Amino acid sequence: MHQPSLGPTSEAGMESVLILTPAKDAAHHLQSYFELLYSLDYPRRLLSLAFLEGDSTDDTFSRLEGRLPELRREFAGAGVWKRDYGFRVPHNANRWDYPLQVDRRAALARSRNYLLSRALRDEQWVLWLDVDIVDYPADILQRLIAAGRDVVQPNCVKEAGGKSFDLNAWRDHGSKYMHDLRSEGELVRLDSVGGSMLLVRADLHREGLVFPPFLYGVRNPRARRRHNFSSKGLINALRPGVCGEIETEGLAMMAYDMGYQCWGMPGLEIIHRDA
């Protein structure tokens with residue numbers, strides 16, 4: 001899938017983008033992350049980068065901090081912050097285990113919101129980008145922006161043409177994922193979004209669109225009817241009926257409540273590492 005740059009891209013009419021990446025125990029992903037970033041066919045003068053490291057047991061923060069001088073020379077701006085939230089996956093558990101989801105994703109939501117509040121300046125777009133994406137087209141930014149939507153994401157898969165890896169992007173109360181929507185065309189309506197790669201018009205964030213670190217949207221008609229995970233202090237997650245959504249899915253519910261629609265591009269694929 002990886003495509004080399006076809007040469008300098010004209011800046012005429014192009015808009016500025018802030019690329020935000022939360023990072024945890026990500027030292028072994030940084031080389032491929034930056035190789036892909038440098039391969040983007042988008043003027044670096046219009047790209048700013050920001051990272052938030054938290055709760056790592058490796059040297060992710062020092063490695064990111066060490067890259068700052070280079071990144072600030074190559075791009076419009078770059079920053080890295082550190083903030084720990086105290087969440088660790090137990091040694092005998094998997095991070096996808098349902099009982100951990102509310103606490104894990106609440107910490108991730110807080111980290112996203114903190115990073116956003118520290119890094120956003122006057123950029124026109126915000127691109128949320130996970131550190132463990134291993135491939136995407138060089139013109140991905142142009143294609144996402146050209147969709148002309150306020151909130152839009154590509155289809156995150158583990159192999160080209162395969163099923164979607166990012167199952168936080170769904171429609172119809174979680175019954176349809178991006179791979180189910182390929183036949184509907186290049187641009188499809190979504191009820192929820194994931195964060196592996198997500199483009200948001202920056203003004204929506206300025207208006208108050210954030211990642212809820214709690215179950216949001218109890219009365220939202222698009223929320224799923226029952227969650228299969230629970231957390232101490234969040235008994236509402238167990239009761240029947242609409243229970244709301246958290247983190248990226250909560251952002252989608254909030255966008256809907258604010259009058260904005262989320263969109264996906266099923267045919268525009270990015271590759272996630274094999275988790």
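Only a predicted model underlies this, so the values are computations on that prediction, with no experimental measurement involved. Index from 1, following the sequence.
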#### Entry: Same apolar cluster: Leu116 and Leu108, side chain cutoff 4.5 Å
no

#### Entry: Pairwise side-chain contact, Met254 with Pro212, heavy-atom cut-off 4.5 Å (strictly under)
yes

### Task
Decide yes or no for Tyr33 and Thr21: does some side-chain heavy atom of the first lie under 4.5 Å from some side-chain heavy atom of the second?
yes

### Message
Does any part of the side chain of Asp166, heavy atoms only, come nearer than 4.5 Å to the side chain of His272, both counted from C-beta?
### Response
no

### Task
Nearest 0.5 Å please: distance from the CG atom of Asp84 over to the CG atom of Asp55.
4.5 Å

### Task
Compare every heavy atom of Tyr136 with every heavy atom of Met197, then report the nearest pair and how far apart it is.
CE-CD2, 3.7 Å

### Query
Do the side chains of Trp263 and Val17 join up, straight or via other hydrophobic residues, at under 4.5 Å, putting them in one cluster?
yes

### Task
Could you state whether Met178 and Tyr256 fall into the same hydrophobic cluster, counting links through intermediate Ile, Leu, Val, Met, Phe, Trp or Tyr residues with side-chain heavy atoms under 4.5 angstrom apart?
no

### Message
I need the minimum non-hydrogen distance between Pro137 and Glu269, along with the two atoms involved.
### Response
CD-O, 3.6 Å

#### Entry: Heavy-atom check, side chain of Arg118 versus side chain of Arg83, under 4.5 Å
no

### Query
Any donor-acceptor pair under 3.5 Å linking the side chain of Arg171 with the backbone of Lys176?
no

### salt bridge (charged side-chain N to carboxylate O under 4.0 Å, His left out) pairs, two or more places apart, involving residues 145-155
Asp150-Arg201

### Task
Tell me, with the steps shown, if Tyr177 and Phe165 meet ring-ring contact (aromatic ring centres under 6.0 Å, His included).
CA-CA 9 Å; Tyr177 299 104; Phe165 173 84; over 10 Å; no

### Within 6.0 Å of CD in Glu159, more than 12 heavy atoms from elsewhere
no

### Query
For Ala202 and Leu120, which heavy atoms make the closest approach, and how far apart are they?
CB-CD1, 4.2 Å

### Task
For Gln261 and Leu190, indicate whether the former's side chain and the latter's backbone hold a donor-acceptor pair under 3.5 Å.
yes

### Exercise: identify the closest heavy-atom pair between Val151 and Val193
CG1-CG1, 4.3 Å

### Task
Could you tell me whether Asp130 and Arg112 make a salt bridge, using a distance below 4.0 angstrom between a side-chain N and a carboxylate O?
yes

### Query
Do NZ/NE/NH1/NH2 and the carboxylate oxygens of Arg67 and Glu74 come within less than 4.0 Å?
no

### Task
For side-chain contact (heavy atoms from CB on, under 4.5 Å), just list the numbers for His205 and Leu251, CA-CA rounded to whole Å, side-chain angles, deciding distance to a tenth of an Å, and then say yes or no.
CA-CA 10 Å; His205 282 314; Leu251 176 138; 4.1 Å; yes

### Task
Examine the side chains of Trp128 and Gln153 and answer whether a donor and an acceptor come within less than 3.5 Å of each other.
no

### Task
Taking the side chain as every heavy atom from C-beta outward, state whether Ile145 and Tyr42 have any atom pair closer than 4.5 Å.
yes

#### Entry: Verdict with supporting geometry, Val131 and Leu64, side-chain contact (heavy atoms from CB on, under 4.5 Å)
CA-CA 12 Å; Val131 72; Leu64 288 170; over 6 Å; no

### For the student: nearest non-hydrogen atoms of Arg273 and Val134, plus distance
CB-CG1, 3.8 Å

### Task
Measure the shortest side-chain to side-chain distance between Leu37 and Phe34 over non-hydrogen atoms and say whether it is less than 4.5 angstrom.
yes

### Task
Inspect the surroundings of CD in Glu186 and state if more than 12 heavy atoms from other residues, nucleotides or ligands are less than 6.0 Å away.
no

#### Entry: Straight-line distance of Leu129 CG to Ile270 CD1, nearest 0.5 Å
7.5 Å

### Query
Which pair of non-hydrogen atoms, one from Arg206 and one from Glu123, has the smallest distance, and what is that distance?
NH2-O, 2.8 Å

### Spacing of Lys163 atom NZ and Arg182 atom CZ [to the nearest 0.5 Å]
10.5 Å

### Query
Does the pair Arg105 and Phe211 meet the rule for a side-chain contact (heavy atoms from CB on, under 4.5 Å), with working shown?
CA-CA 10 Å; Arg105 298 191 64 198; Phe211 298 87; over 6 Å; no

### Query
Looking just at side-chain N and O atoms, do Ser164 and Asn155 make a donor-acceptor pair shorter than 3.5 Å?
yes

### Message
My understanding is that only residues two or more places apart in sequence, or in another chain, count here; which of them pass side-chain hydrogen bond (donor to acceptor under 3.5 Å, both in side chains) with Asp180?
### Response
none

## Note on the structure
Rounded to the nearest 0.5 angstrom, the CG-CG distance for Leu198 and Leu20 is 10.5 Å

### Query
If two hydrophobic side chains count as joined below 4.5 Å and joins carry through other members, does Leu127 share a cluster with Phe51?
yes

### Query
Just by distance, do the side chain of Asp191 and the backbone of Asp172 share a donor-acceptor pair under 3.5 Å?
yes

### Message
Donor-acceptor pair, distance only, cut-off 3.5 Å: does the side chain of Ser48 make one with the backbone of Ala76?
### Response
no

### Query
Taking C-beta and beyond as the side chain, do Tyr216 and Asp257 meet within less than 4.5 Å on heavy atoms?
yes

### Message
Can you see whether Tyr85 has Arg110 sitting over its ring - NZ or CZ less than 6.0 Å from the centre and within 45° of the normal?
### Response
no

### Task
Report the distance from atom CG of Leu68 to atom CG of Leu49, rounding to the nearest 0.5 Å.
9.5 Å

### Query
Looking at Lys24, Arg63, Lys82, which one forms a salt bridge (Lys or Arg N to Asp or Glu O under 4.0 Å) with Glu53?
Lys82

### Task
Could you go through the side-chain contact (heavy atoms from CB on, under 4.5 Å) check for Ser16 and Asp122 one step at a time?
CA-CA 8 Å; Ser16 57; Asp122 59 356; 5.6 Å; no

### Query
Distance from Met258 atom CE to Glu207 atom CD, nearest 0.5 Å?
5.0 Å

### Non-hydrogen side-chain atoms of Val157 and His179 separated by less than 4.5 Å
no

